[in-house]
Amino acid sequence: MSVVADRRAAAHPGGGGAPPGDGHSGRVRDLIAAMARNPSGETSASVYETARLVALAPWLPGHDVRIDWLLDRQRADGGWGGPDGYALVPSLSATEALLTVLRRCDHGPGPATALVRAADRGLRFVAGHLGDPAAPALPDLPATDLIVPALVESIDGQLSRPEGPPTGLQGWRDRPRLPLPAGLDSGRLDRVRGLLGAGRAVPEKLAHALEVGGDRACRAAGVSPVGPGTIGASPAATAAWIGRRPDDPGGPAPAYLRDVGRGGPVPCATPIAVFERAWVLAILARAGVPATVPAALVAELRAAVGPAGAATGPGLPADADTTSVTLYALARLGLPVDPSSLWSYDTGAHFCTWPGEDGASVTTNAHVLDALGHHLTHGGTAVQPRAAGAADRVAAWLVAGQQADGRWCDRWHASPYYATYCAVLALSDHAGSAGARTAVGRATDWLLDTQRPDGSWGRWAGTAEETAYALLALLATDRSSEAAVAAGRHRLSELDGRDGEPALWHDKDLYRPTLIVRAAVLAALWTGDATGDAAPLGTLP
């Protein structure tokens, strides 16, 4: 019996349901098929990114559909997006886009009344948020320090034009300029725009948010479409690079936007196939869920690992997070790859997500520990001494980063349940020190203490995704409560498949990688049900 299967059987509460039959196995097969069928990956639509297309690419088919989609998603308080500080970036983007549409008068044949009303409410929301010293702090989202100053500048510029604000919003003419949030200034944005204006290339990772460059982003030096025609795997960045109207409508970049938009809203990042496939396969393998993976999909995942590691998708730089999860998934599929591509991310204390990263990521380091730990445990010899030392350092770094109440938090996800799940699994499987065992025990206590009365877990409300992470973390330890697991599994089965699950992953806006979340839920349900030996992942010829 595997370690995973043994823990699962020990934690399985009596009477908790029959072993999963073909219904569950069929859902796993459907998940793998969906992943193989769509080389772009599946992710939720973004208010931020869709609004940027409304502002930057009115020529793109579906312009009016995207405007209506934004109007439908405005909240009762006038904002857009998630709770707390997560509302500011999408609200700025949507408000700026509506102002742009009203100024250009390209909102279709109908009256502009609804647009004026929505823009006014959006302005009130962002002005109130930015002017409130008690407003929630901005979360650590990618490029926020560039995006917020760029959008505030654009909104102020539209309200202070010589001809005045768009018709219907004249009352905003003499209002004070919008302030920036505390601790944020336009210095970095000015430097990026200076590079673009001088015809110098920007760092590769900034291509994902090239739209902050304004008019200087158009055909920026050193930036060109890759893969399916994307700039930085971003619809907004690609639209900014194209400019006001494509010179070659049949070119790869306009074709990419037409394919991504398909006449409607767009995600923050696409394609994301490497990220999606690595995470899905790693989650299923770790939980012992039997699954057969097409050989072509595995070959494509293997081909994504180069000397610098693996990138989430075309247009994005390789990073330690995607690299380590890809290495782990390939190893579990029986195709281990030497982990030496990770060494360029080793800072000596921990692993950075990419060189020059501001801050550090708990989940990236947990995934590095997974990759190195599996390499060491299963006979990897190529860089054994260095891998062993690095694994010990990363484990100690994770233990030191645990919060006082027992959880971990991270820069790539809004929920502490995801970060805690990643850290608990990595430390449980690959770190045998007393400190690691103590940290896992404290995390277990936090998970048990924060379970909601209905059996779920969640930062703002109980969700299927966060409940799945909590269950998988509990079942990886020796201290999980049968009652908590039974209640959590019962509630998860009720939440599974329901509409309205929130976006919790960090990009320029919150997003939801659909198949990755589905894999976590299926793994948690399988883990709660199955007993006996867990079949490994296999491949089809």
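Numbers here simply count residues along the sequence, with the first being 1.
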Of Thr514, Asp509, Val260, the one forming a side-chain contact (heavy atoms from CB on, under 4.5 Å) with Pro267 is Val260
I need the Arg103 CZ to Thr167 OG1 distance, nearest 0.5 Å. 12.5 Å
With a cut-off of 3.5 Å and sequence neighbours excluded, list every side-chain donor-acceptor pair involving residues 242-251.
from, atom 1, to, atom 2, distance (Å)
Asp247, OD2, Arg219, NH2, 3.1
Asp248, OD1, Gly250, N, 3.2

is_close_aromatic(Phe125, Trp80), centroid dist under 6.0 Å: no
How many angstroms lie between atom CG of Leu515 and atom CZ of Phe275, to the nearest 0.5 angstrom? 10.5 Å
Pair listing, salt bridge (Lys or Arg N to Asp or Glu O under 4.0 Å) test, anchored in residues 267-276, at least two apart: none
Residues which pass side chain to side chain donor-acceptor pair (under 3.5 Å) with Trp241, listed by chain and number, not counting sequence neighbours: none
When rounded to the nearest 0.5 Å, the distance separating CG of Leu281 from CG of Leu297 is 6.5 Å
Quiz: residues 32-43 side-chain donor-acceptor pairs under 3.5 angstrom, not counting sequence neighbours:
from, atom 1, to, atom 2, distance (Å)
Asn38, OD1, Ser40, N, 3.0
Asn38, ND2, Gly41, O, 3.3
Thr43, OG1, Arg512, O, 3.4

Contact check, side chains of Tyr421 and Ile283, non-hydrogen atoms, under 4.5 Å: yes
Test side chain to side chain contact (heavy atoms under 4.5 Å, CB included) applied to Ala55 - qualifying residues, sequence neighbours left out: Arg52, Glu96, Ala97, Thr100
Salt bridge or not for Glu49 and Lys508, using N-O below 4.0 Å? yes
Those residues at least two apart in sequence (or on a different chain) that pass side chain to side chain donor-acceptor pair (under 3.5 Å) with Arg177 are none
Judged by atom type as modelled, is there a donor-acceptor pair below 3.5 Å linking the side chain of His367 to the main-chain atoms of Thr363? yes
Within this structure, what is the CZ-OG1 distance for the pair Arg498 and Thr463, rounded to the nearest 0.5 Å? 12.5 Å
Assess whether a salt bridge exists between Arg27 and Asp496, defined as any Lys/Arg side-chain N lying under 4.0 Å from an Asp/Glu carboxylate O. yes
Pairing residues for Val152 by the side chain to side chain contact (heavy atoms under 4.5 Å, CB included) criterion, not counting sequence neighbours: Leu92, Leu130, Val148, Asp156, Leu178, Leu180
Below 30° counts as parallel, above 60° as perpendicular, anything between as tilted: where do the rings of Trp279 and Trp505 land? perpendicular
Taking only residues two or more places apart in sequence or in another chain, which ones pass side chain to side chain contact (heavy atoms under 4.5 Å, CB included) with Ser344? none
For Asp346, which residues count as a side chain to side chain contact (heavy atoms under 4.5 Å, CB included) partner, sequence neighbours excluded? Trp343, Phe351, Arg386, Arg393
Contacts of Trp69 that satisfy ring pair (Phe, Tyr, Trp, His ring centres under 6.0 Å) - sequence neighbours left out: none
For His506, all residues meeting ring pair (Phe, Tyr, Trp, His ring centres under 6.0 Å), sequence neighbours excluded: Tyr86
Taking only residues two or more places apart in sequence, or in another chain, which ones meet Arg124 in a side chain to side chain donor-acceptor pair (under 3.5 Å)? Asp120
